[in-house]
Every structure is written in structure tokens, then in C-alpha cells.
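Computed from heavy atoms alone, side chains included, the values below leave out hydrogens, waters and symmetry copies. Note that ligands are numbered from 1 as they come in the structure, with each ligand's atoms numbered from 1 the same way.
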Amino acid sequence: MTLPAADSPFLRACRRQPVPYTPVWYMRQAGRSLPEYRALRAGMAILDACSTPDLIAEITLQPVRRYHVDAAILFSDIVVPLRAIGVGVEIKPGIGPVVDKPIRSAHDLTQLRMLEPGDVPYVTEAVRNLTAELGGTPLIGFAGGPFTLASYLVDGGPSKNFEATKSLMYSEPQAWHELMTRLADITIGFLQVQAAAGASAVQVFDSWVGTLSLEDYRRAVLPHSKRIFEAMAGAGVPRIHFGVGTGELLGVMGEAGADVVGVDWRVSLDEAARRVEPGKALQGNLDPAILLAPWEVIEPRTLEVLERGRTGEGHIFNLGHGVLPQTDPDVLARLTELVHAAPVPSS
Ligand code: CP3
């Protein structure tokens with residue numbers, strides 16, 4: 001008999017309860033490095049795959065079968081809810097999201113309306129089918145954080161320095177807050193759809209927010225992140241908050257109100273535990289590029305992450321960012337075994 005998802009090591013670790021072993025999943029585990037994913041997706045645009053329930057379910061399950069990870073993450077993308085409300089956005093292979101008409105002023109904001117469940121019926125259907133099929137393995141729903149969504153909408157595509165985004169943020173604070181309010185509403189709507197359909201946890205990927213100083217984060221983003229986590233409190237599922245290069249922001253990201261703070265590889269987990277306020281679990285943080293090195297390098301680095309993770313109140317093992325496309329799937333399978341076999345503090 002499978003255990004109910006509520007007692008799974010992943011959800012127990014999110015709640016900072018004792019676990020039989022350290023739970024593990026990988027950001028961007030669905031897709032990317034899996035040959036069975038490439039075969040299934042051949043000739044199809046990723047955003048079309050993201051709106052086809054059977055494909056969403058199958059791609060979500062592939063890494064669970066292969067790696068025996070402790071959680072599945074829904075196959076979708078942070079721009080799916082934007083496209084669902086009519087924003088002209090595409091994901092260009094090897095590039096990322098590209099927007100037809102970038103947002104540059106308050107006038108452009110009216111296109112960003114609230115997301116209703118009826119805008120993403122394929123997500124509801126896929127999550128429902130998946131929670132039935134996954135049995136005791138929890139399903140993580142996700143959405144983009146408001147700064148990261150804004151970075152694609154305002155700069156128009158992937159950006160190194162976020163010039164247009166930051167320029168709007170610095171020069172038109174009122175339009176900026178209006179933009180962040182609308183994006184936070186869309187994020188809340190997308191997370192609520194997934195939680196209502198049966199997702200066991202939700203993660204907000206504010207991937208690029210590490211480009212901001214602490215003070216700018218506080219002023220320009222924190223109120224909106226807080227509102228997202230407050231709105232999701234009633235859903236009764238653990239909330240995870242992640243960004244890249246956020247070492248200086250870990251404390252304030254804790255304040256935003258999630259149950260779990262994701263940490264990239266730049267700050268060790270014992271240091272992260274000092275920076276994040278008490279009462280939070282941590283998720284992370286092996287450098288994904290280490291998986292391209294020989295196993296003799298990977299193994300001790302993994303054990304070190306686990307060792308440092310034990311100093312926190314709860315630890316979910318993950319990479320510090322997404323799986324790199326060239327990663328050998330067999331290495332991820334072996335890594336999962338290694339994490340599961342490592343000792344955990346006795347309860
Ligand atoms: O984690 C998972 O496996 C679930 C699926 C998932 C995808 N995107 C599918 C996808 C998740 C969680 C995302 C989130 C996402 N999308 C983020 C936040 C996470 C992060 O990595 O920081 C961001 C910034 C995006 C926007 C986006 N979509 C980018 C930058 C890219 C990469 C473009 C490229 O080709 O390198 C995408 C495309 C994308 N989304 C792919 C996948 C599996 C790869 C392209 C493909 O399979 O065609």
C-alpha cells in the first residue's frame with residue numbers, strides 16, 4: 001500500500017518534521033536532459049505541450065520513474081499563465097521566453113488581467129489525473145515570481161542586465177507597483193488552480209530577483225511576494241520560495257512568508273540557515289555543473305551539502321538551480337540513491 005502524500009518525506013521535511021531519509025527532487029527534472037522527453041516532444045512547441053493534459057502528465061511522470069525522486073513537479077512554464085490570458089509570448093528553443101510587445105508604460109498594463117481557472121483547464125485536468133496516478137508521491141505546482149515575470153514582459157526576452165525592467169522600476173514606481181500587483185494576482189491565480197486540483201506543495205520561482213540589492217528588493221518586490229504567500233496560506237500546502245544569486249536576499253526572502261527557502265549553490269546551507277529566520281526549511285543546493293564532473297567529485301560534494309543541510313530545521317535536497325541540459329540522466333539516478341542512503345539526524 002502506498003502511504004498518503006501527506007506523510008511523504010518531502011512534505012514532512014517542508015514542515016520541519018523528522019524524516020526517514022533526506023527527500024530529493026530536481027528543479028527542471030521534467031524535460032531537458034531526458035531522451036524520452038525529447039522523443040515525446042519532437043516537432044512540438046513547448047507551450048503546445050504545456051497545454052495538452054496527457055503530455056503534461058506523461059512528462060511530469062518521466063523523471064519520477066527514472067530517478068525515484070520524492071516529488072514530481074508539474075510540467076509547465078512560468079509564461080503559461082501569461083499566454084493563457086492572451087499575452088503574445090513564445091518560448092524560442094535555446095533562448096527562452098520572447099514577448100511580442102514588451103511592456104514599457106502604465107498604458108501597456110491593461111492586458112494583464114486576472115487569471116481565472118477557466119483560462120487553464122488543461123492544468124486542472126493534468127493535475128487531477130496526476131495526483132491520482134502519483135499515489136503517495138507529492139506533486140509540486142509552481143509559478144513565476146513577479147520580478148522574474150516582469151523581466152520577460154518588460155525587457156521582452158531573456159536579459160543579462162534587465163535594463164528596461166530596472167529602468168521602469170527606478171523611474172516609474174507607480175507603474176512598477178501596478179505591474180507587480182497584476183503579476184502577483186496572476187501568480188496567485190495560477191498557484192490556486194494547481195492547489196485546488198490537488199497539488200501538494202507550491203513553489204514560486206523568482207529566478208532573477210538576485211539582480212536586486214537588498215533595499216531595492218524590500219521596496220520593489222517584497223510587498224508583492226508577501227501578498228502571494230499570504231494568499232496561499234489558506235491552501236494548506238507548503239510554500240517554497242526560490243531565486244538564483246539570492247545570497248544577500250535570503251533573510252528578506254524568509255520574511256516574505258514561505259515555509260521553505262530555496263538556496264542556490266553560492267551560499268552553504270549552514271550559512272543560509274543563519275541568514276533565514278527560524279521556522280523555515282531549506283531546499284538546495286548542489287551546483288548543477290558539478291554533475292558534469294566525474295562521480296568521485298560528485299559524491300563528496302553531495303555528502304557535504306547533506307552534512308551542512310543537517311544544521312537547518314528541515315532540508316530538501318535539490319540542485320542550486322535547474323538540471324543542465326547536458327546532464328547524464330544516470331548520474332541523477334545515482335545521485336538520488338546516494339541522498340536516500342545518507343544518514344539523517346535521529347528524531
Ligand atoms: O522543473 C521542471 O522540470 C518543470 C518544468 C519547468 C519548465 N520551466 C519547463 C521548460 C519549470 C519549473 C520551468 C520554470 C521556468 N521557466 C523558469 C524558472 C526556473 C528557472 O530555471 O530559473 C524560468 C526562468 C522559465 C523561462 C524559460 N523557459 C527559460 C529561461 C527556458 C529555457 C530556454 C532554453 O531552451 O534553454 C524555458 C524553456 C523550458 N521550460 C524548457 C523546459 C523543459 C526547455 C526547452 C524545451 O524543452 O523546449
Visitor: Would you say Gln29 has any N or O atom under 3.5 Å from an N or O of ligand 1, going by distance alone?
Guide: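 N/O-N/O distance below 3.5 Å exists for this pair.
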Visitor: Give the numbers and elements of all ligand 1 atoms closer than 4.0 Å to a heavy atom of Leu74.
Guide: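 It comes down to these atoms of ligand 1: 4 (C), 5 (C).
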Visitor: Counting only heavy atoms from other residues, nucleotides and ligands, does the tally under 6.0 Å from CZ of Arg266 exceed 12?
Guide: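 Result for CZ/Arg266: enclosed.
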Visitor: Among side-chain atoms of His340 and Asp70, is any donor-acceptor pair under 3.5 angstrom?
Guide: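 Checked: His340/Asp70 side chains pair up, N/O donor to acceptor below 3.5 Å.
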Visitor: How far is atom 9 (C) of ligand 1 from the closest protein heavy atom, and which atom is that?
Guide: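 Nearest neighbour among protein heavy atoms for atom 9 (C) of ligand 1, to 0.1 Å: Ser76 O, 3.1 Å.
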Visitor: One pair to check against side chain to side chain contact (heavy atoms under 4.5 Å, CB included): Glu215 and Arg218. What are the steps and the verdict?
Guide: CA-CA 5 Å; Glu215 276 319 305; Arg218 257 190 204 290; 3.9 Å; yes
Visitor: Can you say whether the rings of Phe229 and His241 are parallel (under 30°), tilted (30 to 60°) or perpendicular (over 60°)?
Guide: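 It falls in the tilted class, 30° to 60°.
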Visitor: For atom 35 (O) of ligand 1, what's the nearest protein heavy-atom neighbour? Residue, atom name and distance, please.
Guide: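 Going atom by atom, the protein heavy atom closest to atom 35 (O) of ligand 1 ends up being Gly94 N, 3.0 Å.
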Visitor: Mark up the atoms of ligand 1 that fall under 4.0 Å of a heavy atom belonging to Phe205, in ascending order.
Guide: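 Under 4.0 Å from Phe205, ligand 1 has these atoms: 12 (C), 18 (C), 19 (C).
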Visitor: Using heavy-atom distances, let me know which of Ala30, Gly322, Ser207, Gly141 sits nearest atom 18 (C) of ligand 1.
Guide: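 Answer by nearest heavy atom: Ser207.
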Visitor: What distance do Arg41 atom CZ and Asp48 atom CG have between them, rounded to the nearest 0.5 Å?
Guide: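 Interatomic distance, Arg41 CZ to Asp48 CG, rounded to 0.5 Å: 9.0 Å.
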Visitor: For a quick check under 3.5 Å, do Thr165 and Tyr152 share a side-chain donor-acceptor pair by atom type?
Guide: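 Absent: no donor and acceptor within the cut-off.
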Visitor: Which is closest to atom 24 (C) of ligand 1 in terms of heavy atoms, Tyr37, Tyr26, Tyr152?
Guide: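 Residue with the shortest heavy-atom distance to the ligand atom: Tyr152.
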Visitor: Looking at His321, which atoms of ligand 1 are within less than 4.0 Å of one of its heavy atoms?
Guide: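 Heavy-atom distances to His321 below 4.0 Å select 20 (C), 21 (O), 22 (O).
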Visitor: Just jot down the ligand 1 atoms closer than 4.0 angstrom to any heavy atom of Arg41, in number order.
Guide: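 Checking each atom against Arg41, I get 46 (C), 47 (O), 48 (O).
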Visitor: Is the closest side-chain donor-acceptor distance between Gln203 and Gln283 under 3.5 Å?
Guide: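 Gln203 vs Gln283: donor-acceptor pair found between side chains.
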Visitor: Yes or no on salt bridge (charged side-chain N to carboxylate O under 4.0 Å, His left out) for Glu299 and Arg334, after CA distance, side-chain angles and deciding distance?
Guide: CA-CA 10 Å; Glu299 183 170 6; Arg334 200 170 171 189; 5.6 Å; no
Visitor: Counting both backbone and side chain atoms, is some N or O of Asp77 under 3.5 Å from an N or O of ligand 1?
Guide: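 Asp77 vs ligand 1: N/O contact under 3.5 Å present.
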Visitor: Check each heavy atom of Pro63 against ligand 1 and say whether those closer than 4.0 Å belong to the side chain, the backbone, both or neither.
Guide: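 None of Pro63 does.
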Visitor: Relative to atom 36 (O) of ligand 1, which among Gln203, Arg32, Arg28 owns the nearest non-hydrogen atom?
Guide: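 Shortest heavy-atom distance from atom 36 (O) of ligand 1: Arg32.
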